[in-house]
J.: 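Handing you this structure, nothing more for now.
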Protein chains: 2
Amino acid sequence: MATSCFADRLAKHVPLSDAEKKALTRLEENPRKVRRGAMIQRVNEMVTELFVLREGRVMSFVILPDGSRQILRVYFPGDFIGSASTIYSRAPESLVALSDAIICPFDKHALRRLLEEYPRVAALLFLLSNAERVALTDRLASLGRTSAKARVASFLLDIFDRLRVTDDSITDSFDLKLTQEEIGDAIGLTSVHVNRMIRQMEQEGLISRANGRITLRDMARLEEIGHYTNRHKDMDLDWLPGME
Amino acid sequence: MATSCFADRLAKHVPLSDAEKKALTRLEENPRKVRRGAMIQRVNEMVTELFVLREGRVMSFVILPDGSRQILRVYFPGDFIGSASTIYSRAPESLVALSDAIICPFDKHALRRLLEEYPRVAALLFLLSNAERVALTDRLASLGRTSAKARVASFLLDIFDRLRVTDDSITDSFDLKLTQEEIGDAIGLTSVHVNRMIRQMEQEGLISRANGRITLRDMARLEEIGHYTNRHKDMDLDWLPGME
DNA sequence: CGATTCCTTGACAGGCATCAAGAAACGTGG
DNA sequence: CCACGTTTCTTGATGCCTGTCAAGGAATCG
């Protein structure tokens with residue numbers, strides 16, 4: 001059976017039945033290519049669609065009245081995007097493609113049917129949205145209580161570990177594919193200061209860079225500096241409803 | 001039928017069947033009193049329990065290695081607490097009672113049965129956890145991109161609007177029941193600077209205070225200063241699975 | 001290969017933290 | 001119900017971390 005990106009991702013956490021996989025695959029029936037920089041969803045627009053990201057990278061963000069931007073989340077292939085708009089009729093955040101990407105839009109009502117017919121999938125979605133919640137609180141603590149250097153360190157580690165979930169070939173380096181301005185907008189700094197911190201970490205041998213690729217040279221110290229915890233190691237979904 | 005605090009809360013969003021209400025009520029079968037300051041859950045502890053808060057106030061937080069604290073969320077009666085630990089075996093955050101409180105602990109497995117038997121409730125929980133997600137991203141933008149004064153303003157408005165969801169008698173004033181240090185720990189400031197901002201807002205006639213009670217005197221300007229959006233107005237759960 | 005975006009670096013400024021200390025409010029036990 | 005210890009609030013002085021402004025260089029894109 002051809003399974004979807006999203007089904008594969010969920011199946012990494014708990015075994016899924018064929019029927020469940022098939023239902024998840026149906027969410028991805030309408031893939032759509034979008035170009036780097038394309039606006040997928042605009043804040044305050046009426047929304048009836050959600051997305052699964054199949055390829056590329058997408059970010060969610062808000063723009064404040066003074067023009068500054070806060071990036072809320074960076075999404076990778078297999079991620080479920082737009083859950084925020086399940087509960088609001090108007091989008092609370094904008095979505096833009098960070099690279100050329102393939103997104104699979106589906107209607108709220110398709111999600112409704114899925115939740116209705118596959119309670120186990122509903123439970124799983126609930127749990128994964130709680131995992132994302134924890135990711136957000138981690139960054140909240142980072143912004144609220146740590147230095148610029150710590151924020152950069154934990155941000156790099158976070159992206160690194162998230163990429164590694166779906167790509168086993170990654171060992172110590174990865175393509176960040178974010179400008180320093182975007183990094184700053186994600187962790188509450190200016191691009192200028194992000195640059196200073198990255199440069200400093202490079203000089204100290206914590207990381208190195210080569211044409212857009214970041215290599216983590218001293219992960220232990222990076223984790224210490226960033227007060228970073230890898231949350232992916234400690235997941236426990238065994239108590240979920242069993243497969244029939 | 002005696003309904004629970006939690007069922008009442010959920011029923012504000014969508015009508016619930018009697019069976020659903022009864023199932024939710026069962027989650028609150030074991031109320032437990034806790035004193036102000038009591039630790040309900042310690043970070044990194046093994047967790048198998050979740051909670052419904054019936055009375056009083058509770059906060060979740062983390063302590064960083066340098067001793068600083070980030071308050072992640074303040075909870076009010078009817079809130080579902082500890083969803084973070086649905087997916088992790090060890091608690092990612094600590095829980096402490098901010099006032100004398102009544103909490104209703106229940107086991108992960110009780111939640112499992114609920115999700116299994118009442119898919120509509122599962123869907124509802126999923127949606128509400130997405131609403132909390134949005135609340136967190138709002139605060140993320142606040143910490144990342146706004147001034148101290150803006151953070152205080154939006155924090156006060158947020159607490160105010162959340163209290164009003166369950167208490168219709170509130171018009172323009174409320175008991176904050178948080179020290180200035182706690183406010184600071186929630187919005188990434190020191191207690192000293194929180195004090196300066198509150199004092200300034202008081203002088204400007206934006207708020208006033210009397211024995212622990214805050215009165216919002218100019219809500220329009222507060223919303224403008226804090227770049228605040230009331231999210232409670234725009235909820236739309238009509239597309240949820242229908243009641244049988 | 002020209003134009004635009006992105007990176008890099010320096011000088012300077014400002015917002016918020018830190019430290020400190022007294023006043024006020026609160027809680028608790030006698 | 002008062003007295004006393006503790007917590008919380010308040011205010012000032014000082015300093016640092018990060019922002020702002022600016023400008024040249026590098027890289028990327030069409």
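Everything numeric in this text was worked out from a predicted model, so none of it was measured. FYI, side chains are in, hydrogens and waters are out, and symmetry mates aren't considered; it's all heavy atoms of this structure. Proteins come first, then strands; the chains are lettered A, B, ... in the order of their sequence lines, and each starts at number 1.
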J.: For the pair made of CG in A:Leu143 and P in D:dG19, what is the distance, rounded to whole Å?
T.: 11 Å

J.: Looking at OG of A:Ser94 and CD1 of A:Ile71, how far apart are the two atoms once the value is rounded to the nearest 0.5 Å?
T.: 11.5 Å

J.: Side chains of A:Glu93 and A:Arg73: closer than 4.5 Å at any heavy-atom pair?
T.: no

J.: Heavy atom of residues 185-204 of chain A under 4.0 Å from DNA chain C: which residues?
T.: A:Val192, A:Asn195, A:Arg196, A:Arg199

J.: Does any non-hydrogen side-chain atom of B:Arg221 lie less than 4.5 Å from one of B:Met201?
T.: no

J.: Specify the residues of residues 62-76 of chain A, ordered by number, for which at least one heavy atom lies under 4.0 angstrom from an atom of DNA chain C.
T.: none

J.: Using distance alone, with no hydrogens and no angle criterion, decide if A:Ser89 and B:Asp234 have a side-chain donor and acceptor under 3.5 Å apart.
T.: yes

J.: Look up atom CG in A:Leu222 and atom CZ in A:Phe160, then write down how far apart they are to the nearest 0.5 Å.
T.: 10.0 Å

J.: I'd like to know if the side chain of A:Ser129 pairs up with that of B:Ser129 as donor and acceptor (distance under 3.5 Å, no hydrogens or angles considered).
T.: yes

J.: Would you tell me whether B:Asp161 and B:Tyr228 have side-chain atoms, one donor and one acceptor, within less than 3.5 Å of each other?
T.: yes

J.: Using side-chain heavy atoms (C-beta onward) and a distance below 4.5 Å, is B:Leu98 in contact with B:Lys177?
T.: no

J.: Rounding to an integer number of Å, can you tell me how far B:Ile214 CD1 sits from D:dC9 C1'?
T.: 13 Å

J.: Could you note down all residue pairs passing side-chain hydrogen bond (donor to acceptor under 3.5 Å, both in side chains) where residues 48-60 of chain A supplies at least one of them, sequence neighbours left out?
T.: A:Glu28-A:Arg54

J.: Testing the basics here: between A:Ala97 and A:Val34, what is the closest heavy-atom pair and its distance to 0.1 Å?
T.: CB-CG2, 3.8 Å

J.: Less than 4.0 Å between a side-chain N and a carboxylate O, is that true for A:Arg69 and A:Glu181?
T.: no

J.: Walk along DNA chain C from 5' to 3' and tell me the first and last nucleotide with an atom closer than 4.0 Å to a non-hydrogen atom of chain A.
T.: C:dC6 to C:dA11

J.: By nearest nucleotide on DNA chain C, pick out whichever of A:Glu181 and B:Thr146 is the more 5' one.
T.: A:Glu181

J.: With a non-hydrogen cut-off below 4.0 angstrom, is B:Arg151 in contact with a base, only sugar-phosphate, or nothing?
T.: nothing

J.: Let me check the geometry of the helix from C:dC1-D:dG30 to C:dG30-D:dC1. What is the bend angle between the axes at its two ends, five pairs each, to 10°?
T.: 60°

J.: Is any side-chain heavy atom of A:Gln70 less than 4.5 Å from a side-chain heavy atom of A:Leu143?
T.: yes

J.: With no hydrogens and no angle check, just 3.5 Å: does a side-chain donor-acceptor pair link B:Arg145 and A:Ser68?
T.: no

J.: Between B:Glu45 and B:Gln41, do the side chains contain a donor N or O and an acceptor N or O under 3.5 Å apart?
T.: no

J.: Could you tell me whether A:Arg209 contacts a base, only the sugar-phosphate backbone, or nothing, with contacts defined as non-hydrogen atoms closer than 4.0 Å?
T.: sugar-phosphate

J.: When you check every protein heavy atom under 4.0 Å of nucleotides 25-30 of chain D, what one-letter string (B, S, -) results, 5' to 3'?
T.: ------

J.: Do A:Asn130 and B:Thr86 get their side chains close enough for a donor-acceptor pair, meaning under 3.5 Å?
T.: yes

